[in-house]
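Sequence lines set the chain letters: A, B, ... in the order given, protein chains first and strands last, and positions in each chain run from 1.
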Protein chains: 2
Amino acid sequence: MRITSSIEYATRLMTALARAHGGAPVPAERLSESDNVPTDYVSQILLKLKRAGLVSSQRGSSGGYVLSRAPEQITLAQVVRAVDGDVFEDVCEKYHGGAKDCRHQDGCSISPVWQKLGALVTGYFEGVTLAAIAAEAPAACGAEPKWLAALAAEPQRRTT
Amino acid sequence: MRITSSIEYATRLMTALARAHGGAPVPAERLSESDNVPTDYVSQILLKLKRAGLVSSQRGSSGGYVLSRAPEQITLAQVVRAVDGDVFEDVCEKYHGGAKDCRHQDGCSISPVWQKLGALVTGYFEGVTLAAIAAEAPAACGAEPKWLAALAAEPQRRTT
DNA sequence: ACCATTCCCGACTCTTTTAGTCAAGAATCG
DNA sequence: CGATTCTTGACTAAAAGAGTCGGGAATGGT
């Protein structure tokens, strides 16, 4: 899992569409400008979002894109899955000595760690809706965000 | 953030060393065999771990590697940082329209989302020690782990 | 009917990152 | 001395990521 450009851009685009929800379709060109996403790349990303059923499109003169559901009904997890496949791929199958004898020779106590992480991330993404993002207060980039302090103060969730 | 081979391997190696902790130094050759990590790759990874001060080494006939601290004192976060730099890089600086006007043109309500995720992941890694991994019950790969069900049942942590 | 607008879509290129190999050298033990 | 084992940088090959390009097909306006 890595925040690729596709994910970042898709999120920007979807947020913009969420804000425009209810109004007229927004053409790719406009989205490109307002969100600082390379022009030709926008269509590519929107196409994936469309195939995943998250947006619908209208061709012709005053065409463009609209969300196909309300912003409250669309989660970040869906967006991520639409553009980059699985949110968190199976590590176990990927490297030397995985899969077939996934136990890595000494009883696999490691894969649960990645799986737990995957569930954590996926769970997080599933809990964030476009509506929530659109509503979120802007944060200065690099500034220590308030929630971080709150999170640190919070009692540590047990991991084992 | 992505579980690269380096991270996966480093974790295997460190787990093996954790199990051998207290005994004689373990040579790279042996680790390679027991953990199914390509031979020449092992040294490279161990070197990074050494530079980060997580392991120490002994040359010569009965040399090898040992943890430089007790397994309880070493977290996954340290291991990840040792081999792959930051656990979660700053997304804001990376793509078109980031950084300088990080607000993505419409008040950056997105970067907090990534930062939150980063904190979540980092926090998780910081909470997992080698000792915990070594003690963890092996899980069949692909089998639905018990903790997953537990996690799903758990009341959703508020994300906003 | 025609034309401008806008989506559709695959193929292609360029760059960066990842994964892994190799070979020469330096310390240490017996 | 010589076997063993770490040290280190350079090197390569493959994959993933980021972005471009160009032809085509629907739609709406006039």
Side-chain angles (χ1 to χ4, degrees), chain A residues 1-13 17 24-33 35-66 68 80 83-86 89 91 93-98, chain B residues 1-13 17 24-33 35-66 68 80 83-86 89 91 93-98:
Chain A
M1 168 75 261
R2 174 185 158 205
I3 308 303
T4 61
S5 65
S6 295
I7 295 180
E8 160 75 12
Y9 294 156
T11 309
R12 290 190 206 169
L13 298 175
L17 287 179
V26 187
E29 180 71 22
R30 182 118 47 90
L31 287 170
S32 165
E33 285 160 12
D35 288 317
N36 259 312
V37 179
T39 319
D40 289 305
Y41 210 8
V42 170
S43 320
Q44 215 179 55
I45 293 169
L46 283 170
L47 190 57
K48 288 187 185 171
L49 293 168
K50 182 189 170 148
R51 286 189 179 138
L54 300 180
V55 304
S56 53
S57 57
Q58 174 66 27
R59 299 204 234 200
S61 302
S62 56
Y65 295 88
V66 292
S68 50
V80 171
V83 297
D84 260 26
D86 280 335
E89 81 284 8
V91 177
E93 304 251 333
K94 282 184 67 173
Y95 306 117
H96 260 58
Chain B
M1 170 75 261
R2 173 187 157 204
I3 309 302
T4 61
S5 66
S6 295
I7 294 180
E8 161 76 11
Y9 294 156
T11 309
R12 289 191 207 168
L13 298 173
L17 287 178
V26 188
E29 181 70 22
R30 182 119 47 89
L31 287 170
S32 164
E33 284 160 14
D35 287 319
N36 259 313
V37 180
T39 319
D40 289 305
Y41 210 8
V42 170
S43 320
Q44 217 179 52
I45 293 169
L46 283 169
L47 191 57
K48 288 188 184 171
L49 292 168
K50 183 192 168 146
R51 288 195 176 133
L54 300 180
V55 305
S56 53
S57 58
Q58 174 67 29
R59 298 203 235 198
S61 304
S62 56
Y65 296 89
V66 292
S68 49
V80 171
V83 297
D84 259 28
D86 280 334
E89 82 284 5
V91 177
E93 305 249 336
K94 283 182 66 174
Y95 306 116
H96 260 59

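Every side-chain contact (heavy atoms from CB on, under 4.5 Å) that A/Leu47 has, sequence neighbours left out, goes to A/Arg51. With sequence neighbours excluded, the residues forming a ring pair (Phe, Tyr, Trp, His ring centres under 6.0 Å) with A/Tyr9 are A/Tyr41, B/Tyr95, listed by chain and number. Partners of A/Lys48 according to the side chain to side chain donor-acceptor pair (under 3.5 Å) rule, which considers only residues two or more places apart in sequence or in another chain, do not exist here. Under the side chain to side chain donor-acceptor pair (under 3.5 Å) criterion, A/Thr4 pairs with A/Asp84, not counting sequence neighbours.
Protein atom CG of B/Asp84 is 8 Å distant from nucleotide atom P of C/dA19, rounded to whole Å. The distance from atom CD of B/Glu29 to atom C1' of D/dT7 is 16 Å, rounded to the nearest whole Å. Here the C1' atom of nucleotide D/dA18 and the CG atom of A/Asn36 are 16 Å apart, to the nearest Å. B/Leu47 has its CG atom 10 Å from the C1' atom of D/dG9, to the nearest Å. One atom, CD1 of A/Ile7, and another, C1' of D/dA18, lie 13 Å apart when rounded to the nearest Å. Separating the CG atom of B/Leu17 from the C1' atom of D/dC6 is a distance of 14 Å, rounded to the nearest angstrom. When rounded to the nearest whole Å, the span between NZ of B/Lys48 and P of D/dT8 equals 14 Å. Nucleotide C/dC8 holds its C1' atom 12 Å from the CG atom of A/Leu46, rounded to whole Å.
A sub-4.0 Å separation between OP1 or OP2 of D/dA18 and a side-chain N or O of A/Tyr9 is absent. For B/Ser57, a side-chain nitrogen or oxygen approaches OP1 or OP2 of D/dT7 to under 4.0 Å. Note on A/Arg2: every side-chain N or O is 4.0 Å or more away from OP1 and OP2 of C/dT17. For B/Tyr65 and D/dT7, the shortest distance from a side-chain N or O to OP1 or OP2 is below 4.0 Å.
Residue contacts for B/Thr4: at a heavy-atom cut-off of 4.0 Å it reaches the sugar-phosphate backbone alone, with no base atom in range. Residue A/Arg30 is classed as having no contact, given no heavy-atom separation below 4.0 Å to the nucleic acid.
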### Task
Start with the C-alpha distance between A/Leu17 and A/Leu49, add both sets of side-chain angles, then the distance that settles side chain to side chain contact (heavy atoms under 4.5 Å, CB included), and finish with yes or no.
CA-CA 12 Å; A/Leu17 287 179; A/Leu49 293 168; over 6 Å; no
Pairs under 3.5 angstrom only: tabulate donor-acceptor contacts from the side chains of residues 53-62 of chain B to other protein residues two or more places apart or in another chain.
{"from": "B/Ser57", "atom 1": "OG", "to": "B/Lys50", "atom 2": "NZ", "distance (Å)": "2.9"}

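Taking every side-chain heavy atom of A/Pro27 into account, C/dC7 is the closest of D/dC6, D/dA18, C/dC7. Side-chain proximity of A/Lys50 to the nucleotides D/dG9, C/dC8, C/dA19 is greatest for C/dC8. Checked against D/dT7, C/dG20, D/dA18, the side chain of A/Ser5 finds its nearest nucleotide in D/dA18.
Considering every non-hydrogen atom in both A/Val83 and A/Ala10, the closest pair reads CG1-CB, 3.8 Å.
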### Summary
With sugar-phosphate taken as primed atoms, P, OP1 and OP2 and all else as base, the protein-contact string of nucleotides 20-30 of chain D at under 4.0 Å (heavy atoms; B, S, -) is B---BBSBB--
